[in-house]
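For the numbers below, each heavy atom of this structure counts, side chains included, while hydrogens, waters and symmetry mates do not. Whatever order the structure lists them in is the order used to number ligands and atoms, beginning at 1.
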Amino acid sequence: MASTAARPPLPPRAPIVPPEDLESFQQHLNKSTRILALLGAGLSASSGLPTFRGAGGLWRTHEATQLATPEAFGRDPGLVWQFYSYRRHKALQAKPNPAHYALAELARKKDGFMTLSQNVDGLSPRAGHPASQLKLLHGSLFDVKCSDFFCKYTESANYTDPIVPALEIPTDESDPTTISALEARAELDISDENVALPELRISDLPRCPLCKKGLLRPGVVWFGEMLPTGVINDIEKWMSDSAKIDLIMVIGTSARVYPAAGYVDSARAKGARVAVVNMDRNDAPARGLYNGDWFFEGDAAKIVPEILKSVIGEITEMPDAAVEA
Ligand code: BV8
């Protein structure tokens, strides 16, 4: 029987963020009324979604930024759809993490808080982030639209996975461990270039139900494309509504893509102090900090709930507004 001798007390948990930084940040946060956040792929990293720069920014042998272009879609719409169908699948399997919920709760507690997300994974909306305080700068994986210039067909909240049967993620037929056909065969990791991609014909790809001519394309903003005008105008209006912005939090982003990255300087120009949350002290945003700014190094999923605690308390509930396919 286990001895009842008293076990030595556990060593105190190392503070997630330096206490003095936490204190000065929360003092400023508590009295801040106009707050911005700029979100990037690092926010969803601990939900299991790859970042753009992670894995060298490659999907198979392709630069992710190269696949996210109208030119790539023009050249090989099948490959681009396999890229996006894979990301839709992974995003649907993923769950929002405590940072997504903490930001949603801050929005409920501070109506002067506006979130600008570069993420297209749908996790902030699934964490219940109030839509009026969340601007999706680069669209969503779950919106689709017609790729024909003259057809204005758009469809939002399309969670059909795969969107067409031909984009089903292949499974490992050779897996001897599967004793019965019923047992789920392991999905092949098609982000690995050593895994063969199924052949696709144009006729296999999603077609526009309105013009019946154009292919449907993901409702995301590709490089070289304008951001949604409505989103840009809403942000301009929010920025010009008041003379001052108190704080901008730059969370899990390398802040290299424009115009999104430009909002950090725009907020600074309106008096905002900057708080960067990033795993990597050497990445861009951390380098542009001044006295009075903060850099919190580590996993956003741990740090964001901690630094917002003075306003939002403990994040206990994590209801997932899971999507009905
Ligand atoms: C346009 C949707 C013009 C698609 C995306 C000015 C200067 C230079 C270039 C330009 C400029 N203005 C415009 C350009 C061109 C271009 C651009 O910015 N290029 C860059 C590469 C230099 N911009 C455009 O093309 C934009 N359009 O300008 O149109 C125009 C004007 C008039 C008329 C016609 C056209 C459109 C840009 C939008 C492109 N679409 N996404 C899709 O997702 O497939 S961009 C995409 O990449 C993301 O949305 C995001 O914006 C970016 C990736 O950045 P991050 O999210 O930050 O991810 P990254 O992996 O880089 O970094 C992750 C970070 O997290 C790292 O710092 C890491 O350390 C950290 N991290 C990792 N794990 C964690 C963590 N942090 C905390 N916790 C962790 N656990």
Quick test of your reading of the model: are E314 and K309 salt-bridged, counting only N-O distances below 4.0 Å? yes
**Asked** Does Q133 use its side chain to pair, donor to acceptor, with the backbone of F113 at less than 3.5 Å?
**Response** yes
> Measuring from the heavy atoms of T65, does anything fall under 4.0 Å of ligand 1?
Replying inline: no
Quiz item: Would one find an N or O of N119, backbone or side chain, under 3.5 Å from an N or O of ligand 1?
Solution: no
Among R256, R281, E225, closest by heavy atom to atom 3 (C) of ligand 1 is E225
Review point. Hey, does F83 come in under 3.5 Å of ligand 1, counting only N/O atoms on both sides?
Key: no
Out of S254, P259, A261, G40, the nearest non-hydrogen contact to atom 54 (O) of ligand 1 is supplied by S254
Looking at N282, T253, V257, the heavy atom closest to atom 55 (P) of ligand 1 belongs to T253
If you compare G42, S44, G262, S117 by their heavy atoms, the one closest to atom 74 (C) of ligand 1 turns out to be G42
When you look at K145 and D143, which way does the salt bridge (Lys or Arg N to Asp or Glu O under 4.0 Å) test go after all the steps? CA-CA 7 Å; K145 59 185 181 181; D143 294 350; over 6 Å; no
Original post:
Is there a donor-acceptor pair closer than 3.5 Å between any side-chain N or O of N119 and the backbone N or O of G40?
Top reply: yes
Any nitrogen or oxygen of A300, side chain or backbone, less than 3.5 Å from one on ligand 1? yes
Check your understanding: Going by distance alone, is a donor N or O of one side chain under 3.5 Å from an acceptor N or O of the other, for H89 and E187?
Key -> yes
With heavy atoms and a 4.0 Å threshold, my read on which part of V120 contacts ligand 1 is side chain
Query raised in the report: Are S46 and ligand 1 in contact, using a heavy-atom cut-off of under 4.0 Å?
Result: no
Query raised in the report: Does R201 use its side chain to pair, donor to acceptor, with the backbone of G78 at less than 3.5 Å?
Result: no
Tell me whether R34 contacts the main-chain N or O of W238 through its side chain, where contact means a donor paired with an acceptor under 3.5 Å. yes
Counting from 1 in the order shown, the ligand 1 atoms closer than 4.0 Å to a non-hydrogen atom of G252 are 63 (C), 64 (C), 65 (O), 76 (N)
Quick one: does F223 get an N or O within less than 3.5 Å of an N or O on ligand 1? no
Honestly, for A68 the part within reach of ligand 1 (heavy atoms, under 4.0 Å) is side chain
Note: heavy atom closest to atom 77 (C) of ligand 1, options P50, A45, G298, belongs to G298
Numbered in order shown, the ligand 1 atoms found under 4.0 Å of a heavy atom of D299 are 78 (N), 79 (C), 80 (N)
Margin query: Using modelled atom types and a 3.5 Å cut-off, is there a donor and acceptor pairing between side-chain atoms of K109 and backbone atoms of A104?
Written below: no
message = Main chain of A166, side chain of D204: is a donor-acceptor contact present, judged purely on distance under 3.5 Å?
response = no
Between the CZ atom in F142 and the CD1 atom in I163, the distance rounded to the nearest 0.5 Å is 10.0 Å
Under 4.0 Å from one or more heavy atoms of Q118, ligand 1 contributes atoms 48 (C), 49 (O), 50 (C), 51 (O)
Margin query: For a salt bridge (Lys or Arg N to Asp or Glu O under 4.0 Å) check, start with the C-alpha distance between E225 and R217, then their side-chain angles and the critical distance, and finish with the verdict.
Written below: CA-CA 14 Å; E225 293 184 327; R217 54 158 284 180; 2.7 Å; yes
Filtering N278, D280, I303, V276 for the heavy atom nearest atom 68 (C) of ligand 1 leaves N278
Purely on distance, is any nitrogen or oxygen of V220 under 3.5 Å from one on ligand 1?
no
Taking only non-hydrogen atoms of Y84 and a 4.0 Å limit, the atoms of ligand 1 in range are 4 (C), 42 (C), 44 (O)
Problem set entry | Under-4.0 Å salt bridge between R268 and D293 | yes
